[in-house]
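Some notes on the structure that comes next.
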There are 2 protein chains.
Amino acid sequence: MALGKDYATQQCSIARALEVVGERWTLLVVRDAFYGVRRYSDFLSHLGIPRAVLATRLQALTEAGVLVRRRYQESPPRDEYVLTGSGRALWPTVRSLGLWGREHLPGTLPMRIFVHAACGTELGAFGQCPACWTGVDPEDVEMRPGPGLDPDPADPVSRALLVPRRLLQPLETDRV
Amino acid sequence: MALGKDYATQQCSIARALEVVGERWTLLVVRDAFYGVRRYSDFLSHLGIPRAVLATRLQALTEAGVLVRRRYQESPPRDEYVLTGSGRALWPTVRSLGLWGREHLPGTLPMRIFVHAACGTELGAFGQCPACWTGVDPEDVEMRPGPGLDPDPADPVSRALLVPRRLLQPLETDRV
DNA sequence: TCCACTGGGTTCGATGAATGAACCGACCAT
DNA sequence: ATGGTCGGTTCATTCATCGAACCCAGTGGA
């Protein structure tokens, strides 16, 4: 979308939200951030996004307060992009989009299954744990590989995501 | 987004969902459809979308099975675009985006408040009723004007949306 | 010292979409 | 016949995206 200047007449909060996260690639960057991706090169290899677009999106999301950029090592200086509280609040959006795609688009095998880490029950349609009778924050969600997942992907990020993991837990690709 | 040809490597259901509803304007069209907008000219005046883009989006959403186009009068022949079951299943996505925008973007007064018609409780982020602990179909959602709503809008669609209404209830603008 | 390599970008030309205005055709109403 | 409405399509211009190439600081090896 045109950055911050369009949907001009729309003061509706849906339109305002789409100004921030409605551009091409943006929600996939956020999705990857939930999966634990934090580094420029990891987003790049996992998404197949053009470098220039990724740089633009990371900057826009940072300015919007969805991500924070922070230094995780000096010498050489390296920054990582991490979801803020506001970014983590996008979990219902990401979850409901994924659920819709799985249920309403033809030929979609579930790639990943999201369960309540405390009890192992798959999340319900409104992000709740049907067994514990409670809402579940993304920190308490465990992501497990589903039947649609490629068992031997090419890029290191997808390989690191083959095992069950907590959402938001930082991804270790080559840093061992 | 590039229509149907990109995000090519992403078989993830989130990416597939974004192929369908991730383009500019698309989710706003869907939002308006939940509000009861059905006719080309009503989408046009309410959204301020370029005519060519609206035609493209309505066609794409129809091909994707999110909307159906159906004739509501002969002579002159007039068609309307209505959400299908698959389209109505996008309600949690639309709801969560709106709530996120309201809660996490600065200076947003709620324009509309969505409550479970049966009990009057405001909906949660997934479109569920926190009091009844159940999912709420959009048919059972009542939309009420909020404090951020312009009390005297210019276009007839916005005026028709000033009173409390059920979602999906067809909008009467000039057909009286 | 020189060299290659890595991470995280920026720059560039070509392609493709969005925009807004104008046009069009079917169908009324007078 | 004239004018108006509805639901589009066509057009030229502007803007975003794409993919490849380039850049630069730091680091590690010979």
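Here is the naming used below: chain letters follow the sequence lines, and residue numbers restart at 1 for every chain.
Residue S41(A) has no polar side-chain atom (N or O) positioned under 4.0 Å from OP1 or OP2 of dT6(C). Put simply, R78(A) has no side-chain N or O that comes within less than 4.0 Å of OP1 or OP2 on dT6(C). Remark: W25(B) is in phosphate contact with dT19(C), judged by side-chain N or O atoms under 4.0 Å from OP1 or OP2. Put simply, R71(A) has no side-chain N or O that comes within less than 4.0 Å of OP1 or OP2 on dG8(C).
Close placement of the F114(A) and W91(A) rings is indicated, their centers lying within 6.0 Å of each other.
Toward the 5' end of DNA chain C, the nearer of the two residues R69(A) and P77(B), judged by each one's closest nucleotide, is R69(A). Each of A52(A) and Q59(B) has a nearest nucleotide on DNA chain D; the 5'-most of these lies closest to Q59(B). Nearest-nucleotide positions on DNA chain C place L58(A) closer to the 5' end than the other of S75(B) and L58(A).
The CD1-P distance, from I49(B) to dA21(C), rounds to 15 Å in whole Å. Look at CZ on R38(A): it is 14 Å from P on dG8(C), rounded to the nearest Å. A straight line from CZ of R24(A) to P of dA18(C) spans 10 Å, rounded to a whole angstrom. The CG-C1' distance, from L47(A) to dT17(D), rounds to 15 Å in whole Å. Here dC15(D) presents its P atom at 15 Å from CD of E23(A), a figure rounded to the nearest Å. Per the geometry, CG belonging to L54(B) stands 11 Å off P belonging to dT19(C), to the nearest Å. The OH atom of Y72(B) sits 5 Å away from the P atom of dG7(D) (whole-angstrom rounding). Atom CG in L44(B) sits about 13 Å away from atom P in dT9(D), given to the nearest Å.
Residue Y81(A) is in sugar-phosphate contact alone, with no base atom involved, counting any heavy-atom pair closer than 4.0 Å across all strands shown.
Between E80(A) and R78(A), none of the side-chain N atoms (NZ, or NE/NH1/NH2) sits under 4.0 Å from a carboxylate O, so this pair counts as no salt bridge.
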Check the pair E139(A) / R165(A) against salt bridge (Lys or Arg N to Asp or Glu O under 4.0 Å), numbers first and verdict last.
-> CA-CA 10 Å; E139(A) 293 83 349; R165(A) 306 168 36 81; over 6 Å; no
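For the 3.5 Å distance criterion, the side chains of R69(A) and T62(A) fail to qualify, holding no donor opposite an acceptor. If you check the side chains of D155(B) and H46(B), you find no donor sitting under 3.5 Å from an acceptor.
The base of dG19(D) is not paired with the side chain of R51(A) by any donor and acceptor separated by under 3.5 Å.
When each of dG8(D), dC27(C), dG19(D) is scored by its nearest atom to the side-chain atoms of P76(B), the top-ranked nucleotide is dC27(C). Comparing dG7(D), dC18(D), dA18(C) by their closest approach to the side chain of Y40(B) singles out dG7(D).
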